[in-house]
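Heads up, the thing below is written out as structure tokens.
Computation of the quantities below employed the complete heavy-atom set of this structure, encompassing side-chain atoms and omitting hydrogens, waters and symmetry-equivalent molecules. None of the values given here were measured: they were computed from a predicted structure. Just so we're on the same page: letters track the sequence lines, and every chain starts at 1.
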2 protein chains.
Amino acid sequence: MFPVLYAVFMSSVLPPFPQPQEPVDPPRLLEVEPGPGEPCLRADAARNRARLLEAAARLIAEHGVAGVTMEAVAAAAQVGKGTVFRRFGDRTGLLMALLDHSGRQLQADFLGGPPPLGPGAPPLERLRAFGVAVLYRSAEQLELQLAAQPEPTRRYAHPAYQALRTHVVMLLRQILPDGDCDLLSHPLMAYLDPGLIHHLTRQRGMPMERLETGWTDLVARVTGTEPPR
Amino acid sequence: MFPVLYAVFMSSVLPPFPQPQEPVDPPRLLEVEPGPGEPCLRADAARNRARLLEAAARLIAEHGVAGVTMEAVAAAAQVGKGTVFRRFGDRTGLLMALLDHSGRQLQADFLGGPPPLGPGAPPLERLRAFGVAVLYRSAEQLELQLAAQPEPTRRYAHPAYQALRTHVVMLLRQILPDGDCDLLSHPLMAYLDPGLIHHLTRQRGMPMERLETGWTDLVARVTGTEPPR
DNA sequence: CAACTAAACGGACCTCGGTCCGGATCGTAT
DNA sequence: ATACGATCCGGACCGAGGTCCGTTTAGTTG
């Protein structure tokens, strides 16, 4: 539960990142900068947002994700139920917000961190590293990742998903200038789906090492390159 | 809506296929034979099952999948709400039951139908044909397929999913005796996910033809074979 | 045909996600 | 300091999925 609490800690201490309001689209992972034009939250709203995230993290630690009821969170944060929904849109939005910190971290790593994840390494190596990173990140927060999954209709259009996939597409284009990288990115992303990881590791007892070599194998096949070593 | 109604028609006229009771696992697509030991439904139960499926199909035709409320279905079938849940376990189970007919049809086709889908053709061709068949079947019943999706925790373990995946694994093993076909099957299956098809065709406006060539391309890459023509 | 049992039935009931709107509050302009 | 409008708050309310359990009924046995 440490990662969650840490994320929340950061969320409450750093200047609150405004959550979009109108058609509440969850944490836009792509914009690293809050942007100057972003409508900043009112003081009370920001305070309540932090308290809600903290309360949610506490509930997860105590009763698991299933214990994160919108009413329970509201009560634990001593806030009205409506407030939770206004801030996060829906339950999924709240859960995604809890994952926001590690998501930004990951994105920062592959956008500007050190190789092989970040720029500098050849794209094929970056792609391998990317998969491994996502794999382990998901495995660490499996329960939360599973619960935060949006319904299938919105999943693929969701900013958080798109952010990751866009990166895969970029790398693929460098490796396969002539391939339909937009399409090819999907089976690659699917291999990293938290639901699949859950199934393979928890329900079928596969060790993470096998998933890892499975990823490099898949990457090699899809890109038509030689597997490493 | 024709396919749904047809499926229901068949379901009501043919001897009712017993739905497992205890830990309600949805239509086991793999068993073509009801089996002799199967606990047959009581007469009234079978009658109500048929009425419920018919009512559900009618509701879909009239108000779309969103109109399929468990209470609405119960009322339309002039049956108690508890009966719906006893028979189908949950909403997903009911929706899956509506897809049961086309699912069995598909399975029969690739298990015992004519080539290239059925046995007789080389495994690579069968795999290509399989993907195309699943692709178009999903596209036809997209709305229902989407709504019938189980939650991510159960999805990969679900019999209906396993039935299809097992077939892919079998074909893959014939093509790649040395590959980790169990793992490789997953990204292939993922490409055929109704949610993805919905996203690509409805939200991003891709024509089915592109998805189709995308499939053959993916198969060629994963199997390390030459794309056809 | 009567008795009996396992199965099925039905609908009240519970929980939880999500909506709504009158009232309180913050930030600002004067 | 005061007034004002945009924003936010809270909790009553609603709908739908899912559970429970007392009652009914189908099928079987003697």
Are there more than 12 heavy atoms of other residues, nucleotides or ligands under 6.0 Å from atom [atom1] of [X]?
| X | atom1 | answer |
| --- | --- | --- |
| R202(A) | CZ | no |
| E62(B) | CD | yes |
| R155(B) | CZ | yes |

Taking every non-hydrogen atom, the tightest pair across [X] and [Y]:
| X | Y | result |
| --- | --- | --- |
| A77(B) | L52(B) | CB-CD2, 3.6 Å |
| F88(A) | A97(A) | CE2-CB, 3.7 Å |
| L99(B) | R137(B) | O-NH2, 3.6 Å |

So, is T83(A) close to the dG10(D) phosphate, meaning a side-chain N or O under 4.0 Å from OP1 or OP2?
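Checking dG10(D) against T83(A), a side-chain N or O does come within under 4.0 Å of OP1 or OP2.
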N48(B) side-chain N/O to dA8(C) phosphate OP1/OP2 under 4.0 Å
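Negative; the distance criterion is not met.
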Calculate the interatomic distance between [X] atom [atom1] and [N] atom [atom2]; express it in whole Å.
| X | N | atom1 | atom2 | value |
| --- | --- | --- | --- | --- |
| E151(A) | dG17(C) | CD | P | 14 Å |
| R86(A) | dT25(C) | CZ | C1' | 12 Å |
| L95(B) | dG18(D) | CG | P | 11 Å |
| E71(B) | dC13(C) | CD | P | 14 Å |
| F85(B) | dC13(C) | CZ | P | 17 Å |
| R87(A) | dT7(D) | CZ | P | 12 Å |
| F88(A) | dC8(D) | CZ | C1' | 14 Å |
| L59(B) | dA16(D) | CG | C1' | 14 Å |

Short heteroatom pairs, N/O only, protein and nucleotides 26-29 of chain D, under 3.5 Å:
residue	atom	partner	partner atom	Å
dA26(D)	O4'	R42(B)	NE	3.3
dA26(D)	O4'	R42(B)	NH2	3.4
dG27(D)	OP1	A43(B)	N	3.2

Results of ring pair (Phe, Tyr, Trp, His ring centres under 6.0 Å) for Y161(B) - residues two or more places apart only
Y156(B)
Strand-adjacent residues in residues 74-82 of chain A, judged by heavy atoms under 4.0 Å from DNA chain D
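Close to the strand are V79(A), G80(A), K81(A), G82(A).
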Output yes when E54(B) and R51(B) qualify as a salt bridge under the 4.0 Å nitrogen-oxygen rule, no when they do not.
no
Proximal nucleotide (of dC8(D), dG17(C), dG18(D)) relative to the D90(B) side chain:
dG18(D)
If you take the centroid of each ring, where Trp contributes its six-membered ring, are Y191(B) and H186(A) closer together than 6.0 Å?
no
